Amino acid sequence: MIEKKFAPNINLFERMQPTKLDTGISVSNRPFRMNRVEKLETNDFKSVFSGLVENFNRELNAPDQLMKDVMEENGNADIHDVMTAMAKAELGVTVATNITTKVIQAYDKIMQIQL
């Protein structure tokens with residue numbers, strides 16, 4: 001048997017709220033749905049997307065800045081940090097390229113749908 005200290009004390013009925021959809025969960029013959037566990041930080045797609053682009057840009061510029069620091073002997077940067085930053089930047093470019101390719105393929109498939 002699970003000890004009380006290891007099992008979280010969660011009241012699921014506090015997280016439920018009424019819905020018009022039949023989810024199979026009902027209390028007093030009213031359908032319910034679960035609340036989201038995580039809360040959205042922002043609802044604005046533009047701010048989320050621009051934040052992703054800014055982070056991507058920062059990762060791409062990090063190896064250059066670290067290389068300058070190594071050459072000028074500023075700070076605690078060494079060549080290992082530069083190589084790690086270059087690997088992260090390369091991985092980021094690969095992921096961005098793959099995502100872009102998938103989005104374009106999805107767009108092409110949607111455009112091929114005949115109504």
Side-chain angles (χ1 to χ4, degrees):
M1 182 162 159
I2 298 176
E3 292 184 32
K4 185 76 171 169
K5 63 180 179 180
F6 295 119
N9 187 12
I10 298 173
N11 187 354
L12 294 179
F13 290 107
E14 288 178 359
R15 291 187 178 179
M16 294 179 153
Q17 53 183 244
T19 182
K20 294 179 182 177
L21 301 175
D22 184 17
T23 58
I25 302 172
S26 62
V27 175
S28 304
N29 293 327
R30 291 178 36 206
F32 276 81
R33 66 183 167 136
M34 295 293 292
N35 284 338
R36 293 180 60 102
V37 174
E38 70 278 357
K39 299 294 181 195
L40 296 176
E41 293 179 11
T42 179
N43 295 331
D44 188 14
F45 178 77
K46 180 181 175 183
S47 63
V48 171
F49 193 73
S50 65
L52 290 173
V53 171
E54 288 173 10
N55 288 341
F56 179 67
N57 191 28
R58 196 174 313 120
E59 278 190 19
L60 285 179
N61 293 331
D64 295 333
Q65 185 61 39
L66 284 172
M67 182 61 85
K68 287 178 187 175
D69 289 344
V70 168
M71 289 180 164
E72 295 173 357
E73 297 180 0
N74 294 340
N76 299 343
D78 62 357
I79 195 67
H80 181 265
D81 296 332
V82 175
M83 295 303 293
T84 304
M86 288 177 70
K88 282 179 72 174
E90 182 180 356
L91 182 63
V93 169
T94 303
V95 168
T97 303
N98 288 340
I99 289 172
T100 304
T101 302
K102 292 293 184 182
V103 167
I104 291 171
Q105 288 174 352
Y107 176 78
D108 287 341
K109 286 183 180 180
I110 289 171
M111 294 308 292
Q112 291 174 359
I113 295 174
Q114 296 180 3
L115 300 176

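In this text the structure is predicted, and so the values were computed from the model without any measurement. Atom set for the values below is all heavy atoms of this structure, side chains included, hydrogens, waters and symmetry mates excluded. Residues: numbered from 1 along the sequence shown.
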Is there a path of hydrophobic side-chain contacts, each under 4.5 Å between heavy atoms of I, L, V, M, F, W or Y residues, that connects [X] with [Y]?
X: M71; Y: M86; value: yes
X: I99; Y: I104; value: no
X: M83; Y: V70; value: yes

key: Heavy-atom pair with the smallest gap, counting every atom of A85 and L66   = CB-CD1, 3.6 Å
ask   = Of the non-hydrogen atoms in K88 and E59, which two are nearest, and what is the gap between them?
value =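 Closest heavy-atom pair between K88 and E59: O-OE1, 3.8 Å.
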To the nearest 0.5 Å, tell me how far [X] [atom1] sits from [Y] [atom2].
X: D64; Y: D69; atom1: CG; atom2: CG; answer: 11.0 Å
X: D108; Y: I113; atom1: CG; atom2: CD1; answer: 11.5 Å
X: D81; Y: M67; atom1: CG; atom2: CE; answer: 11.0 Å
X: N55; Y: S50; atom1: CG; atom2: OG; answer: 9.5 Å
X: E90; Y: L60; atom1: CD; atom2: CG; answer: 11.0 Å

remark   = Applying side chain to side chain donor-acceptor pair (under 3.5 Å) to Q105 and not counting sequence neighbours gives none
inquiry  = Once side-chain contact (heavy atoms from CB on, under 4.5 Å) is applied, do any residues pair with V53, and if so which ones, sequence neighbours excluded?
reply    =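 In terms of side-chain contact (heavy atoms from CB on, under 4.5 Å), with neighbours along the sequence ignored, V53 is linked to F49.
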